[in-house]
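Reading through the structure tokens given below for one structure.
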Amino acid sequence: MVTIKSDQEVELMREAGLILAKVHKELEGIVRPGISTLDIDKACEKIIRGYNCIPSFKGYGGFPASACVSVNEEVVHGIPCKDRILQEGDIVSIDTGVIWKGWQSDAARTHAVGKISGEHQDLIDRTRESFFRGIKAAVAGNHVNDIGRAVEDYISQFGYGIVEDLVGHGIGQEMHEDPEVPNFTCARRGIRLRKNMTIAVEPMINMGTYAVEELDNGWTFVSTDRKYSAHYENTILIREGEPEVLSLLPEEKKLYGVL
């Protein structure tokens with residue numbers, strides 16, 4: 001069911017988004033060679049609870065951690081582990097969410113670990129840019145598929161694979177609500193976007209094939225060719241005009257030229 005938020009509910013989601021933006025900024029500062037993915041998760045939970053929020057991922061569907069920490073070929077849902085140590089040249093995506101006064105925000109960032117190759121930095125940068133290209137179409141009156149078409153129009157020039165088995169989603173009091181938000185062109189236009197809908201747009205882009213497979217742990221998806229993958233996500237508010245990105249800091253919004 002698609003939910004349209006009241007102005008008061010939007011304000012609570014705006015607060016949740018700002019908190020999550022602060023969480024991600026703090027996590028960015030601890031990513032370095034030698035840290036374990038479990039260390040990142042522990043820091044994530046401590047930071048979230050320090051803002052008097054609940055880590056929305058922990059226990060969700062049985063997930064054991066507060067953050068999905070996915071390294072290199074891991075697309076999403078990497079399970080933090082004390083034995084998975086980040087190495088110079090890795091890339092790592094951190095996907096996490098908060099619950100603030102009953103309302104959710106969800107966002108992901110992919111980071112370089114130390115010095116990385118130019119092609120891997122390009123993957124990170126272009127994945128992030130595909131999000132901003134996509135949300136230009138996320139205005140009231142457009143359709144969900146307009147977002148995915150904009151992402152694909154940008155990404156297709158680089159020969160990357162856009163993951164199709166995993167998509168964005170609506171968000172509100174539940175982490176995953178209707179509608180699904182694909183990052184690629186679909187045969188159908190999808191539902192019409194309406195003012196005060198809140199959705200999570202999250203391109204997942206592979207250096208090689210678009211195809212993914214799930215590992216035996218029942219959570220983690222990896223690229224089938226084991227080439228690197230990047231992930232970038234924010235919670236956004238649909239408006240009559242340009243959407244508002246709820247999970248970015250004010251200085252980040254200025255940097256990227258968004259509301």
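As a basis for the values below, the full set of heavy atoms in this structure was taken, side chains included, without hydrogen atoms, waters or symmetry mates.
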On a heavy-atom basis, which atom in [X] and which in [Y] lie closest, and how many Å separate them?
{"X": "I124", "Y": "A112", "answer": "CD1-N, 3.9 Å"}
{"X": "T220", "Y": "G78", "answer": "OG1-CA, 3.6 Å"}
{"X": "G134", "Y": "A150", "answer": "CA-CB, 3.8 Å"}
{"X": "M13", "Y": "T235", "answer": "CE-CG2, 4.2 Å"}
{"X": "A200", "Y": "I171", "answer": "N-CG2, 4.2 Å"}
{"X": "E45", "Y": "P55", "answer": "CG-CG, 4.2 Å"}

Min side-chain heavy-atom separation [X]-[Y] under 4.5 Å:
{"X": "L166", "Y": "V76", "result": "yes"}
{"X": "C68", "Y": "F57", "result": "yes"}
{"X": "Y228", "Y": "L123", "result": "yes"}
{"X": "R128", "Y": "Y256", "result": "yes"}
{"X": "I191", "Y": "M197", "result": "yes"}
{"X": "K227", "Y": "T209", "result": "no"}
{"X": "T96", "Y": "D41", "result": "no"}
{"X": "R239", "Y": "L193", "result": "no"}

**Item:** From L18 atom CG to L20 atom CG, the distance as rounded to the nearest 0.5 Å
**Value:**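 If I round to the nearest 0.5 Å, the distance is 9.5 Å.
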Pick out which of [options] makes a side chain to side chain contact (heavy atoms under 4.5 Å, CB included) with [X].
{"X": "P182", "options": "N145, V163, I162, V167", "result": "V167"}
{"X": "I35", "options": "V92, L86, V113", "result": "L86"}
{"X": "F131", "options": "I205, N183, I147, I236", "result": "I236"}

**Item:** Salt-bridge present (R149, E152; N to O < 4.0 Å)
**Value:**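 Not counted as a salt bridge, because no side-chain N and carboxylate O are separated by less than 4.0 Å.
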**V71 with V75, same ILVMFWY side-chain cluster at under 4.5 Å** =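 They do not share one cluster, since no chain of ILVMFWY contacts under 4.5 Å joins V71 to V75.
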**Item:** More than 12 heavy atoms from other groups under 6.0 Å of CD on E180
**Value:**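 Count not over threshold, so no.
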**Item:** Partner of R126 under side-chain hydrogen bond (donor to acceptor under 3.5 Å, both in side chains), chosen from Y160, Y232, Y154
**Value:** Y160
**Prompt:** If only atom types and distance count, is the side chain of D90 paired as donor or acceptor with the main-chain N or O of Q87 below 3.5 Å?
**Reply:** yes
**Asked** Is a side-chain donor or acceptor of E88 paired with a backbone partner of K115 at a separation under 3.5 angstrom?
**Response**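 Judged by distance alone, yes, a pair lies under 3.5 Å.
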**Request:** Please assess Y60 against H176 for the test side-chain contact (heavy atoms from CB on, under 4.5 Å), listing each intermediate value before the final yes or no.
**Result:** CA-CA 11 Å; Y60 183 83; H176 293 110; 2.8 Å; yes
**Message:** When you compare the side chains of R226 and N206, does any donor N or O come within less than 3.5 Å of an acceptor on the partner?
**Reply:** no
**Message:** Evaluate H24 against E252 for side-chain contact (heavy atoms from CB on, under 4.5 Å), listing each step before the verdict.
**Reply:** CA-CA 12 Å; H24 269 293; E252 293 173 320; over 6 Å; no
